[in-house]
Amino acid sequence: MSQKPSLPKGTRDFTPKVVFQRNYIIQTIQKVFQKYGFDPIETPALENLSVLTGKYGDEGDQLLFKVLNSGDFLNKTAPEDYAAGSAHLTGKISEKGLRYDLTVPFARFVAMNRNEINFPFKRYQIQPVWRADRPQKGRYREFYQCDADVVGTHSLLCEAELIAMAQEVYDGLSFRDYQVSLSNRKILEGIALACGASDQFNAFCVTLDKIDKIGRERVFEELIKIGLKESDLQTLSDILHIEGDHHDKLNQLRPFVMDSTQGKVGIEEVENTLNYLKSLDVSTEKIVLDFTLARGLTYYTGIIYEIKPTTLQMGTITAGGRYDNLTGVFGLPDVSGVGISFGIDRIYDTLNELNLFPKQLKVENHVLITNFDATTENHALHVLSVLRNEGITAELYPEAAKLKKQLSFAHRKNIPYVLMVGTEEMKSKEYSLKHMETGEQQRLSVDQLVKLLLAMN
RNA sequence: GUGGUUGUAGUUCAGUUGGUUAGAACGCCUGAUUGUGGUUCAGGAGGUCGCCGGUUCGAGUCCGGUCUUCCACCCCA
């Protein structure tokens, strides 16, 4: 009686090779986060549904994985509940859900730990999140986010530093073919006002955001449908035709948002962020001011940005922005935050497709010791112990086997050194060290061996 | 969630209008070499054709359902 093994839709196993590669990405990000003074936190995979629902819009709520209550989950329900439909029934049989992102749990964390936290609080968090989305390429139901957020300050230095960090991360990964799109929700408000779309702000943003994908014409058609007039579209068209360097663009945009306080503030914020970057000696070459950028998440209120690869079809690999009142719903008002989120899985797919992973991601001085028989095994164990005590990654082949098999094992596991401990070596106390890549072999005492391997790392 | 698409050996894929015993390449195992991996040569193992049901004398092939993959929409890392 056997069962066919399977995995839930949109989830994956990771082989050692893939985990080494994923860790390379994560460690690169982590190093940068720490260098900028961010401290790590972790939160549970499971949150109470009351924390999660209503934070991501109706669409978002639909994508939440809900966890069935333990035990007799029907004991709080009546036939009427069943008749009232699944949305109603869900509340009766499920109280917990898997986190959908890291930002909302972080907001909850800040609200709950407000007295412990040293503001302005800079934290990073690297954990999986879950979305009941329909999987596609670069779109999974379980995936990792690496978030860095600063809460408790309005300073635009944070925005600038987060953008600087992103560029430093991609530098560290030797990935250069990307674009940073930058805008501000307040600028969008100004544009919406200028286009007579203020009362349709969300629909306006969602539609505008699609311009890269479906083109200007179809966006205009959709905007007509939500009530914009021809003159509004002319205004929008003029705005979309703005070109030049960053300051040119902002200067040309300024007259369009004259009537909007928010719009003017938005332009200033983008300007100040760019100035901070300049003072930090961070290149703004890859930054493109894109006034059509909207970012879906409803909680952004200020600067927004996203990063996409330019040479291949891949969704956003990094995104973020400022949110002014996220902790408000948890009873802690007036705490402003700004964050950035790296999607490990998409970064992995990108580096993989572009062949940008380093070939050797494992320790340089890993040794496999051969095992021929009980006597040599016993001797080899002592050598093994010495090597490990010196901090060298070492393992003994766990059973006696043909040398061919053991060498092949080392080869496939990408172990750079094999130490042969046979009767001859045992007598002379000089062991044969084979370097797998070159095929060269030399006889060494334990002391020489340790010295050589330590020098390798 | 809506519409479409895919599934055959470990992997990538062939498989004729429905017709004997379902193939290839690569990978894997064994040997050539009982102390030398990667190359080469010889041999070998490995498939309930995603799953369940239906049509048929007969189904990998046709039909229905289901799961999975990928794509578009929606939304997003």
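Distance CG (A:Asp373) to P (B:U34): 17 Å, rounded to an integer number of Å. Computed from coordinates, the A:Asn202 CG to B:C76 P distance equals 10 Å when rounded to whole Å. The distance between atom CD of A:Glu353 and atom P of B:C70, rounded to the nearest whole Å, is 12 Å. In this structure, CG of A:Leu403 is placed 14 Å from C1' of B:G38, rounded to the nearest angstrom. We find that CD1 of A:Ile304 is positioned 12 Å from P of B:A77, with the value rounded to whole Å. The distance from atom CH2 of A:Trp130 to atom C1' of B:C75 is 20 Å, rounded to the nearest whole Å. Across the protein-nucleic acid pair, A:Ile25 atom CD1 and B:A77 atom C1' stand 12 Å apart, rounded to whole Å. The distance from atom CZ of A:Phe409 to atom P of B:G38 is 16 Å, rounded to the nearest whole Å.
When the P atom is used for both B:U5 and B:G64, the distance is 11 Å, rounded to whole Å. When the P atom is used for both B:U2 and B:U21, the distance is 43 Å, rounded to whole Å. Remark: the separation of the C1' atoms in B:C73 and B:A14 is 34 Å, to the nearest Å. Comparing the same atom, C1', in B:G50 and in B:A59 gives a spacing of 16 Å after rounding to whole Å. A gap of 28 Å separates the C1' atoms of B:A72 and B:U8, to the nearest Å. On the P atoms, B:G1 is 23 Å away from B:G7, given to the nearest whole Å. The P atoms of B:C29 and B:G46 are separated by 16 Å, rounded to the nearest whole Å. For the P atoms, the distance linking B:U6 with B:U61 amounts to 14 Å, nearest Å.
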Dump every N/O contact between nucleotides 1-6 of chain B and the protein below 3.5 Å, one line per pair.
unit_1, atom_1, unit_2, atom_2, d
B:U2, O4, A:Arg134, NE, 3.3
B:U2, O4, A:Arg134, NH1, 3.1
B:G3, O6, A:Arg134, NH1, 3.1

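Out of B:A77, B:C73, B:A32, the shortest distance to the side chain of A:Gln136 is found at B:C73. Distance from the side chain of A:Lys137 is smallest to B:C70 among B:A77, B:C70, B:G37. The side chain of A:Leu407 has B:G37 as its nearest neighbour among B:A77, B:G37, B:G35. In this structure, of B:C73, B:A77, B:A32, it is B:A77 that holds the atom nearest to the side chain of A:Ser341.
Here A:Gly320 lies out of heavy-atom contact (under 4.0 Å) with every strand. Using a 4.0 Å heavy-atom distance criterion, A:Thr350 is classed as making no nucleic acid contact. Counting any heavy atom pair closer than 4.0 Å across all strands shown, A:Gly57 reaches no nucleic acid atom. A:Phe342 comes within contact range of no nucleotide atom at all, as no heavy-atom separation falls under 4.0 Å. Within 4.0 Å of A:Gln441, counting heavy atoms only, lies at least one base atom of the nucleic acid. Residue contacts for A:Gln406: at a heavy-atom cut-off of 4.0 Å it reaches no nucleic acid atom on any strand shown. Residue-level contact check: A:Gln145 touches the backbone only, with heavy atoms under 4.0 Å from sugar-phosphate atoms and none from bases. Here A:Gly60 lies out of heavy-atom contact (under 4.0 Å) with every strand. At the heavy-atom level, A:Lys210 lies under 4.0 Å from the strands shown only through sugar-phosphate atoms. Heavy atoms of A:Gly315 sit nowhere under 4.0 angstrom from any nucleic acid atom. Residue-level contact check: A:Glu425 touches the bases, meaning some heavy atom is under 4.0 Å from a base atom.
At a cut-off of 3.5 angstrom, the base of B:U34 holds no donor-acceptor pair with the side chain of A:Lys402.
When only modelled atom types and interatomic distance are considered, A:Gln167 and A:Ser283 share no side-chain donor-acceptor pair under 3.5 Å. Neither side chain, A:Asp177 nor A:Thr310, offers a donor N or O lying under 3.5 Å from an acceptor on the other. A:Gln21 and A:Tyr348 are linked by a side-chain donor-acceptor pair at a separation below 3.5 angstrom, with hydrogens and angles left out of the test. Looking at A:Gln34 and A:Tyr124, their side chains do bring a donor and an acceptor atom within 3.5 Å of each other. Checking A:Arg123 against A:Gln125 by side-chain atom types alone, a donor-acceptor pair falls below 3.5 Å. When only modelled atom types and interatomic distance are considered, A:Glu168 and A:Tyr36 share a side-chain donor-acceptor pair under 3.5 Å.
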Inset, instruction - Represent RNA chain B in dot-bracket notation, 5' to 3'. Only Watson-Crick or G-U wobble pairs with both distances under 3.5 Å count; pseudoknot-style crossings use [ ] and interstrand partners use |. - result: ((((..(..((((.....[...)))).(((((.......))))).....(((((..]....))))))..))))....

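For the side-chain contact (heavy atoms from CB on, under 4.5 Å) with A:Thr370, the lone residue among A:Leu396, A:Thr376, A:Leu403 that qualifies is A:Leu403. For the side-chain contact (heavy atoms from CB on, under 4.5 Å) criterion with A:Val180, the lone passing option out of A:Val288, A:Ile307, A:Asp290 is A:Ile307.
Ion pairing between a basic and an acidic side chain is recognised when a charged N comes within 4.0 Å of a carboxylate O; A:Glu440 and A:Lys434 show no such pairing.
Remark: ring of A:Phe143 stacked against base of B:A77; centroid gap under 5.5 Å, plane tilt under 30°.
With RNA chain B read from its 5' end, the first of the two nearest nucleotides for A:Met436 and A:Arg412 is the one closest to A:Arg412. Mapping A:Pro135 and A:Ser408 onto RNA chain B by nearest heavy atom places A:Ser408 at the nucleotide closer to the 5' end.
Shown here for A:Thr327 and A:Ala107, the closest heavy-atom pair between the two residues is CG2-O, 3.6 Å.
Sorted by first and then second residue, the salt bridge (charged side-chain N to carboxylate O under 4.0 Å, His left out) pairs with a member in residues 448-457 of chain A form an empty list; sequence neighbours excluded.
OP1 or OP2 of B:C29 has not a single side-chain nitrogen or oxygen of A:Lys405 nearer than 4.0 Å.
Residue A:Phe14 qualifies as enclosed at atom CZ: its count of foreign heavy atoms under 6.0 Å is above 12.
The main-chain N or O of A:Arg141 is never found under 3.5 Å from a side-chain atom of A:Arg131 such that the two would form a donor-acceptor pair.
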